[in-house]
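Report on the structure given below.
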Amino acid sequence: MPSRVRADWAAPAHIHALTTCRAGGVSRAPYGSASDGSASDGSASDGSASDGGASDGGASPAQRSGLNLGYTSGDDPDRVRENRQILRRVLPAEPHWLHQVHGREVLEFDSASPPLTVTQQRSPVNVADAAITMQASVVLCVLSADCLPIFMCNREGDAIGICHAGWRGLAAGVIEASALKLQQRRPASAGWIAHLGPAIGAAAFEVGDDVRSAFCDLHAADAQYFVPTTEAGKYLADLYKIASRRLHAAGFQTISGGAYCTVRDEQHFYSYRRDRQTGRMASLIWIQ
């Protein structure tokens, strides 16, 4: 079972972007992997993660346990800390962890992050839902469990960003705020590239009139991505397509991703909508 999925996008080769999966750490049910008894052994949906993972029968204890990276999930903090240490081994520096609030605030980081103290890990630090950098070896990071992680870079590969785009942040304009910050720093870039990481798929994301209005009252063009269900006032919303439209409008010429569904792919991904009490994946990007 893979422990991470790398973004398959048109970014320069020295830009690294990946999303962790639920296996490969030390967390136990309900934050464990799908094979440790914390979840049913359902088959993966179309677009499921697949980078050569072994069968459960040959998996190590670490592969059977969960790589939950979120302190606010209710998991044992010591296990989350150890999971973050496991992740750190494959990164060039400590990630800039954000305290996400489903908003549009964007932070810029110019140097690598020192490891957070225990107090910092349990209290708000870096309150934002997006981050950018122009510096090599600075690791940007967002956490998710159905919300949409969005990787960004310019064609030259000297500017990168990442967004946590749940429906609230997406409606509030986190994409536009991130794009503006990047473009202000690199106004002469030849072009901009984005990749949509694993998130809830349209077939699983049922919403009400309030969510539809949050988008369509300000952006009428988003209405096409809300398909009515048989229940009055209910719709299936396509975050991937909404984000793609917003990215195009914000100046991104090349956009990829959007094939996963975190709800339906229980084997590889945590999902808040599916399980409620669950872990968090990390999406990370850096310039080598």
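In this structure Arg104 satisfies the salt bridge (Lys or Arg N to Asp or Glu O under 4.0 Å) test with no other residue, sequence neighbours excluded. For Arg246, the salt bridge (Lys or Arg N to Asp or Glu O under 4.0 Å) partners two or more places apart in sequence, or in a different chain, are Glu176, Asp222.
Closest of all the heavy-atom pairs between Val174 and Ala165 is CG1-CB, 4.1 Å. For the residue pair Ala203 and Leu236, the shortest heavy atom distance occurs at O-CD2, 4.0 Å. Between Arg274 and Arg22, the shortest heavy-atom contact is NH2-NH1, 3.3 Å. Summarising the geometry of Cys21 relative to Leu67, their closest heavy-atom pair is O-CB, 3.9 Å, with the distance given to 0.1 Å. Counting all heavy atoms, side chain and backbone alike, Leu284 lies closest to Pro95 at CD2-CG, 3.8 Å. Annotation for Asp265 and His268: closest pair OD1-ND1, 2.9 Å, computed over non-hydrogen atoms.
Counting only heavy atoms from C-beta outward, the side chains of Val5 and Leu18 never approach each other to under 4.5 Å. Side chains of Tyr240 and Phe205 form no contact here, defined as non-hydrogen atoms less than 4.5 Å apart. Side-chain atoms of Asp110 and Val138, non-hydrogen and from C-beta on, never get closer than 4.5 Å to each other. Residues Val90 and Arg4 meet the side-chain proximity criterion, which asks for heavy atoms closer than 4.5 Å. At a threshold of 4.5 Å between non-hydrogen side-chain atoms, the residues Leu98 and Val127 do not count as touching. Residues His99 and Asn126 are not in side-chain contact: their nearest non-hydrogen atoms beyond the backbone lie 4.5 Å or more apart. For the pair Gln224/Lys241, no side-chain contact is recorded, criterion being any heavy-atom separation below 4.5 Å from C-beta on. Between His102 and Trp167 there is no side-chain heavy-atom pair separated by less than 4.5 Å.
Ring-plane geometry between Phe109 and His96 is classed as parallel, the angle between the planes falling under 30 degrees on a 0 to 90 degree scale with a further cut at 60. Using bins of under 30°, 30° to 60° and over 60° for the plane-to-plane angle, the ring pair His16/Trp286 lands in the parallel bin.
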Checking Ile160 against Ile132 for the side chain to side chain contact (heavy atoms under 4.5 Å, CB included) test, could you report, in this order, the C-alpha distance in whole Å, the side-chain angles of both residues, the deciding distance, and whether it holds?
CA-CA 6 Å; Ile160 59 172; Ile132 68 168; over 6 Å; no
Might you work through the side chain to side chain contact (heavy atoms under 4.5 Å, CB included) test for Arg84 and Glu94, ending with a clear yes or no?
CA-CA 9 Å; Arg84 290 191 176 192; Glu94 182 73 19; 5.5 Å; no
With salt bridge (Lys or Arg N to Asp or Glu O under 4.0 Å) as the test, would you mind laying out the steps for Arg212 and Asp209 before giving the verdict?
CA-CA 5 Å; Arg212 184 179 184 277; Asp209 283 320; 5.9 Å; no
Decide side chain to side chain contact (heavy atoms under 4.5 Å, CB included) for Ser73 and Arg280; before the verdict, give the C-alpha distance in whole Å, the side-chain angles of both, and the deciding distance to 0.1 Å.
CA-CA 7 Å; Ser73 63; Arg280 301 294 185 271; 4.2 Å; yes
Checking ring-ring contact (aromatic ring centres under 6.0 Å, His included) for the pair Phe226/Phe215: CA distance, chi angles, key distance, verdict?
CA-CA 10 Å; Phe226 289 83; Phe215 286 93; 5.6 Å; yes
So Ser283 and Ile162, side chain to side chain contact (heavy atoms under 4.5 Å, CB included) or not? Walk me through it.
CA-CA 8 Å; Ser283 292; Ile162 195 165; 3.9 Å; yes
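In this structure, the side chain of Thr20 engages the main chain of Ala282 through a donor-acceptor pair within 3.5 Å.
There is a side-chain donor-acceptor pair under 3.5 Å between Ser27 and Asn83.
A cation-pi arrangement is absent between Arg186 and Trp192 under the rule of less than 6.0 angstrom and at most 45 degrees off the ring axis.
Screening Glu105, Gln100, Arg168 for a side chain to side chain contact (heavy atoms under 4.5 Å, CB included) with Asp129, the sole residue that qualifies is Gln100.
No close placement of the Tyr270 and Tyr31 rings is indicated, their centers lying 6.0 Å or farther apart.
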Identify each donor-acceptor pair in which a side-chain atom of residues 139-155 lies under 3.5 Å from a protein atom, sequence neighbours left out, and give them as a table.
residue, atom, partner, partner atom, Å
Asp146, OD1, Thr262, OG1, 2.7
Asp146, OD1, Ser271, OG, 2.9
Asp146, OD2, Ser271, OG, 3.0
Asp146, OD2, Tyr272, N, 3.1
Asp146, OD2, Arg273, N, 2.7
Asn154, OD1, Gly157, N, 3.0
Asn154, OD1, Asp158, N, 3.0
Asn154, OD1, Ala159, N, 3.2
Asn154, ND2, Glu156, OE1, 3.3
Asn154, ND2, Asp158, OD1, 2.6
Asn154, ND2, Ser189, OG, 2.9
Arg155, NH2, Thr254, OG1, 2.7

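With a 6.0 Å radius and a threshold of 12 heavy atoms from other residues, nucleotides or ligands, Asp8 has its CG atom at or below the threshold.
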